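Shown next, in structure tokens, is the structure this report addresses.
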Amino acid sequence: MKFLLFIFLSIPLLLFSQSSHETGLKAHFFDFDQVDHYSLKISTGKISEMEFKNQKTDALFLAIIRGNYPETTDDSIEQALTDQGFDKQTLNKALYPELNAIFSEKECSDHIGGGFCIPTFRDILVFRKDDKVAGIVKLCYECRFAILKGTEKNVRNFGSCGDFLKLGRLLGE
């Protein structure tokens, strides 16, 4: 009888300890086996000039660096970025553990935005899994703002805990 009582009391304790241990784990935003960093060196003045002209030829470029393009994680993004003058660098796999740490759910919320700022996305990360786009992250370091596509995880606290500083250091920004 004591043995059965011990078993019944132990099961909830084991379940509770296991679930609390699992909640301490960080859920990664993306499952990937390759990360490409696209970057563009362009002045804010040049971008403003393009916006002022409002030429149809610049529409895709402006949608990429100032807007929500692409709407989905589509393989065509890489060709669009290359066509618009972005430089591509495939990141070393040795950086993946740090990238997973940065692009994961977090408890801290020390995010302090860059104040009033119009985001300009000069850096874009394309996460790939089995040669298909698994996620896209558009980054504006000045505003400390990012658009993340392709994840169902809670990205609310992305940018806190020094994410932009760590990422900038990692990518050589």
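All heavy atoms count here, side chains included; hydrogens, waters and symmetry mates do not. Bear in mind that the values here come from a model prediction, so they are computed numbers and not experimental data.
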Taking the side chain as every heavy atom from C-beta outward, state whether [X] and [Y] have any pair of such atoms under 4.5 Å apart.
{"X": "Val35", "Y": "Phe30", "value": "no"}
{"X": "Leu91", "Y": "Leu125", "value": "yes"}
{"X": "Phe145", "Y": "Phe158", "value": "no"}
{"X": "Thr44", "Y": "Glu142", "value": "no"}
{"X": "Asp74", "Y": "Val133", "value": "no"}

Among all residues two or more places apart in sequence or in another chain, which pass the salt bridge (Lys or Arg N to Asp or Glu O under 4.0 Å) test with Asp31? Lys129

Who pairs with Ile42 by side-chain contact (heavy atoms from CB on, under 4.5 Å), at least two apart in sequence or on another chain? Leu40, Lys46, Ile47, Met50, Phe61, Arg122

Quick check for you: to the nearest 0.5 Å, what is the distance between Thr90 atom OG1 and Gln34 atom CD? 5.0 Å

Nearest-0.5 Å distance that lies between atom CD1 in Ile124 and atom CD in Glu78: 11.0 Å

Could you check, using the six-membered ring where one of them is a Trp, whether Phe29 and Phe127 have ring centers closer than 6.0 angstrom? no

For Asp33 and Asp130, run side chain to side chain contact (heavy atoms under 4.5 Å, CB included): C-alpha distance rounded to whole Å, both residues' side-chain angles, the deciding distance at 0.1 Å, then the answer. CA-CA 7 Å; Asp33 57 21; Asp130 299 328; 3.5 Å; yes

Please find the pair of heavy atoms, one from Leu60 and one from Ala80, that lie closest to each other, and give the distance. CD2-CB, 4.3 Å

Here the pair of heavy atoms bringing Cys140 nearest to Phe164 is O-CE2, 4.0 Å

Check residues 62-72 and write down every donor-acceptor pair under 3.5 Å in which the side-chain atom is one partner and the other belongs to a residue at least two apart or another chain.
residue: Arg66; atom: NE; partner: Thr120; partner atom: OG1; Å: 2.9
residue: Arg66; atom: NH1; partner: Glu51; partner atom: OE1; Å: 2.9
residue: Arg66; atom: NH1; partner: Glu51; partner atom: OE2; Å: 2.9
residue: Arg66; atom: NH2; partner: Thr120; partner atom: OG1; Å: 3.3
residue: Asn68; atom: OD1; partner: Lys149; partner atom: NZ; Å: 3.0

Do other residues, nucleotides or ligands put more than 12 heavy atoms under 6.0 Å from the CD1 atom of Ile118? no

Spell out, with a plain yes or no, whether Cys143 and Cys117 have SG atoms under 2.5 Å apart. yes

Could I get the full list of ring pair (Phe, Tyr, Trp, His ring centres under 6.0 Å) partners for Phe86, not counting sequence neighbours? none

Does any pair with a residue in residues 87-96 pass salt bridge (Lys or Arg N to Asp or Glu O under 4.0 Å), and if so which ones, sequence neighbours excluded? Asp36-Lys88

With the 4.5 Å side-chain cut-off for hydrophobic clustering, are Leu139 and Leu165 part of the same group? no

N/O donor to acceptor pairs below 3.5 angstrom from side-chain atoms of residues 97-104, sequence neighbours left out:
residue: Ser104; atom: OG; partner: Asn100; partner atom: O; Å: 3.3
residue: Ser104; atom: OG; partner: Ala101; partner atom: O; Å: 2.9

Side-chain donor-acceptor contact under 3.5 Å, Tyr38 with Gln89: no

Might you work through the side chain to side chain contact (heavy atoms under 4.5 Å, CB included) test for Glu105 and His28, ending with a clear yes or no? CA-CA 7 Å; Glu105 292 180 323; His28 303 303; over 6 Å; no

Would you check, one step at a time, whether the test side chain to side chain contact (heavy atoms under 4.5 Å, CB included) holds for Leu148 with Lys153? CA-CA 10 Å; Leu148 292 88; Lys153 305 292 188 229; over 6 Å; no

